[in-house]
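Comments concern the structure below.
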Amino acid sequence: MAISSSRQEPEQGRAAHGWTVVGVAGAAIVTAGAFTTFGGLLLVPLHEERGWSRASIGVAFAISMVLYGVTAPFAAALMDRLGVRRVVVAALVLAGAGAAGTAVAGSPAQVAAAWGLGVGLGTGAASTALAASVAERAGAGRRGLVAGLLTAAGVVGQFVFLPVLSRVVEGYGWQAAAWGLAGAAGLVAACALVLLRGSRAAAQALAPGTGGASHVVTRALRVLAAATRRPAFWLLAGVFAVCGASTNGLLWNHFTPAAHDHGMPATSASTLLALVGIFNVAGTIAAGRLTDRVDPRRVLAACFGLRALTLVTLPLLWSPSVGVPLVAFAVLFGLLDVATVPPTLALCRVHFGPDAVVVFGWVNAAHQLGAGAMAHLSGLTRDTLGTYDPVWVGAGALCAGAAVLVGVVRARRRRAPPSHRVRPAAAGVRDPGLTVGTAGSAPRAAVRRTARRLSRPHWTSRRDNAAAPSRMGTSCGVMGLVGRQTPEHAGHPQPGHLP
């Protein structure tokens with residue numbers, strides 16, 4: 001596969017780094033994913049060994065999740081300017097340093113500084129921003145697939161390696177697991193340093209018009225200022241904040257402690273989370289393929305609706321051992337967990353065009369704000385009420401509300417200007433704008449059929465959609481149906497008024 005920009009670029013730019021970039025990006029995202037769920041294994045040991053409260057430990061996780069999200073848009077702009085290689089290497093080194101600092105921390109404040117700042121900034125630059133940047137430059141018709149593959153790579157790191165880390169914590173202590181993560185981050189950073197050599201020029205060739213931004217921070221903030229004037233941004237940010245609260249904030253950090261409250265060993269709970277991760281891969285890739293073919297809003301609403309049902313029923317399924325009900329929960333939640341990423345990225349592309357990756361970074365920041373708030377509130381609820389049950393039910397209610405809000409996210413459509421409207425031909429006179437058929441009902445029927453086809457949403461690449469009106473006009477002889485389009489409306493060509 002060749003990586004390409006949404007605009008026209010040289011053939012060598014499209015072919016540069018192809019699957020190598022995807023492979024290295026996947027390895028970095030796997031490593032960053034392992035950091036994000038390791039926090040769930042730290043909560044109980046730190047509480048029992050150091051005597052720190054769950055709420056004070058949760059502050060470090062909250063800082064990490066917030067920075068994870070806030071870093072994404074700046075990292076996306078930074079990759080356009082400096083290239084993937086430098087950003088990925090620096091991010092992995094920073095995350096590894098945060099894990100090592102946590103291993104030697106002696107107070108909750110030091111954990112917040114090491115894990116919160118180091119791991120938050122490092123994983124934020126090496127996960128969502130990286131996946132969105134590479135997926136946005138994938139070939140036509142493959143963006144959803146690449147987004148699904150790279151999102152699935154993050155799931156592999158988050159859940160599949162969790163049982164391994166759990167056994168290391170149980171057998172050798174949580175410090176050994178933290179040092180192991182630091183070493184893994186250093187190893188992947190070294191691989192990226194070698195395999196992505198010279199990727200700065202390639203990255204700029206793959207993103208013409210964005211790599212030369214005078215200042216990364218200025219561009220990211222400028223895109224945010226423009227996006228906040230659009231209602232679609234606030235709807236997508238709110239929906240994705242619910243997504244983060246119900247996954248990163250709740251399940252990934254508090255599932256293992258909640259299972260421990262019901263007498264389940266940490267290794268068994270980690271095995272269930274690993275099962276979530278395995279089915280997350282299938283669910284995310286399937287969501288990516290569906291996003292390439294159908295309206296992303298339908299995919300997103302279905303994910304939130306079904307997720308709400310699973311969360312509400314979880315308090316009824318707890319038991320000291322792993323049984324069929326909990327396995328069924330893990331399978332279903334796994335299919336839905338990160339499947340929201342490809343359709344959300346597609347909706348950002350529809351509404352924000354060339355700035356979709358940076359806008360998605362800001363939407364993901366809302367995701368992590370929701371996650372950080374839920375991570376802290378869940379620990380506070382457990383300390384106050386002695387149970388997590390109200391949190392699961394509340395998260396399910398939020399997901400149900402998000403499923404309803406998804407239907408409000410609609411692409412704006414414009415009416416064609418009067419000069420582009422098709423006028424009826426006089427009786428017996430051949431309309432010069434119609435090159436097929438004869439005057440009368442036959443040409444008008446062809447016009448109506450063409451208009452119906454053009455009025456349907458096209459959830460494909462902007463390059464394909466830009467070519468679609470000309471192909472339709474050539475085949476049907478209707479050259480004035482489609483008005484001039486701006487980049488943000490390139491995915492939705494509009495017909496004129498018919499007689």
Side-chain angles (χ1 to χ4, degrees), residues 20 23-46 49-50 57 60-61 63-65 67-68 71 75 84-106 110-131 150 152-197 199 252-253 256 266-267 270-271 273-274 277:
T20 302
V24 173
I29 292 170
V30 166
T31 306
F35 280 88
T36 59
T37 50
F38 182 61
L41 297 178
L42 290 177
L43 186 60
V44 173
L46 288 175
E49 293 180 13
R50 307 293 176 86
I57 300 170
F61 301 153
I63 294 174
S64 176
M65 291 177 187
L67 289 179
Y68 177 98
T71 302
V84 172
R85 181 191 182 204
R86 294 183 179 182
V87 177
V88 169
V89 170
L92 291 173
V93 169
L94 188 58
T102 301
V104 298
Q110 293 178 0
V111 174
W115 190 269
L117 295 178
V119 175
L121 292 172
T123 57
S127 52
T128 304
L130 180 58
L150 293 180
V155 172
V156 170
Q158 290 159 359
F159 293 114
V160 173
F161 290 110
L162 193 59
V164 178
L165 293 173
S166 177
R167 292 186 181 279
V168 173
V169 170
E170 184 177 319
Y172 302 96
W174 63 271
Q175 293 94 337
W179 284 109
L181 276 180
L187 180 61
V188 177
C191 293
L193 192 65
V194 174
L195 296 177
L196 296 183
R197 186 177 301 277
S199 64
W252 297 2
N253 282 290
T256 299
T267 53
S270 299
T271 302
L273 287 179

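Numbers here are sequence positions counted from 1. Side chains included, hydrogens not; waters and symmetry mates left out as well; all remaining heavy atoms used.
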Test applied, side-chain contact (heavy atoms from CB on, under 4.5 Å); reference residue, Trp174; option that passes from Leu165, Val168, Val169: Val169
Suppose we screen for side-chain contact (heavy atoms from CB on, under 4.5 Å). Which residues come up paired with Ala190, at least two apart in sequence or across chains?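 With neighbours one apart ignored, the set is empty.
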Check [X] against [Y] and note the closest heavy-atom contact, atom names and distance.
X	Y	result
Phe38	Ala178	CZ-N, 3.9 Å
Thr71	Gly124	CG2-C, 4.1 Å
Ala99	Phe35	CB-CE2, 3.5 Å
Ala112	Ile63	CB-CD1, 4.1 Å
Ala60	Val111	CB-CG1, 3.8 Å
Ala126	Ala91	CB-CB, 3.9 Å

Flag, side chain of Thr271 to backbone of Thr267, donor-acceptor distance under 3.5 Å: yes
From [X] [atom1] over to [Y] [atom2], what is the distance, rounded to the nearest 0.5 angstrom?
X	Y	atom1	atom2	value
Leu187	Thr31	CG	OG1	8.0 Å
Ile57	Leu46	CD1	CG	5.0 Å
Trp115	Thr123	CH2	OG1	8.5 Å
Arg167	Leu41	CZ	CG	12.5 Å
Thr256	Leu42	OG1	CG	11.0 Å

Can you confirm whether Trp179 is buried at CH2, in the sense that more than 12 heavy atoms of other residues, nucleotides or ligands lie under 6.0 Å from that atom? no
